[in-house]
Amino acid sequence: MQRRISVEQIVTHACKRYGLGLGVLAEPGKKRNCSEARAMIAALVWYEEHLCLTDLGGRLKRDVCSLSRADNRLHKRPETNARLASEPQRVREELAQIQIN
């Protein structure tokens, strides 16, 4: 049986991947690297059917609507940014390794 990944595991992994401290994602502001990390986390939480953006919103001190918009923007941006196009799948694969270990 495969373990379920948690919101906290996704947040921790994204912080390591983006080189951010755990608390910096919850800080107010729209710094590009933080915004991109939050959008990626929202996309990953959305992908996991047992998780919800409400839990993520509480963790990041953001409302669900802004997290959903960030996720939508992330999905639109790959048209102009090749790196972002493959990023969600790569992170999902990394998270799958976390679930296995």
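Computed from a prediction, not measured in an experiment: that's the story for all the values here.
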Quiz item: At their closest point, which heavy atom of Tyr18 faces which heavy atom of Asn33, and how far apart are they?
Solution: CD2-O, 4.1 Å
Practice problem: Would you check, one step at a time, whether the test side-chain contact (heavy atoms from CB on, under 4.5 Å) holds for Val45 with Asp55? | Solution: CA-CA 9 Å; Val45 167; Asp55 295 334; over 6 Å; no
Look up atom [atom1] in [X] and atom [atom2] in [Y], then write down how far apart they are to the nearest 0.5 Å.
| X | Y | atom1 | atom2 | value |
| --- | --- | --- | --- | --- |
| Lys16 | Leu22 | NZ | CG | 9.0 Å |
| Leu67 | Trp46 | CG | CH2 | 11.0 Å |
| Cys15 | Leu20 | SG | CG | 5.5 Å |

Distance-only donor-acceptor pairs under 3.5 Å for side chains of residues 37-44, two or more places apart:
{"from": "Arg38", "atom 1": "NH1", "to": "Leu25", "atom 2": "O", "distance (Å)": "2.9"}
{"from": "Arg38", "atom 1": "NH2", "to": "Gly29", "atom 2": "O", "distance (Å)": "3.2"}

Practice problem: Go through the structure and list residues passing side chain to side chain donor-acceptor pair (under 3.5 Å) with Arg59, not counting sequence neighbours. | Solution: Glu8
Quiz item: Asp63: what forms a side chain to side chain donor-acceptor pair (under 3.5 Å) with it, not counting sequence neighbours?
Solution: Ser66
Practice problem: Determine whether Leu56 and Val11 make a side-chain contact, defined as any pair of heavy atoms from C-beta on separated by less than 4.5 Å. | Solution: yes
Quiz item: So, does Gln9 use its side chain to make a donor-acceptor pair with the main chain of Ser6 at under 3.5 Å?
Solution: yes
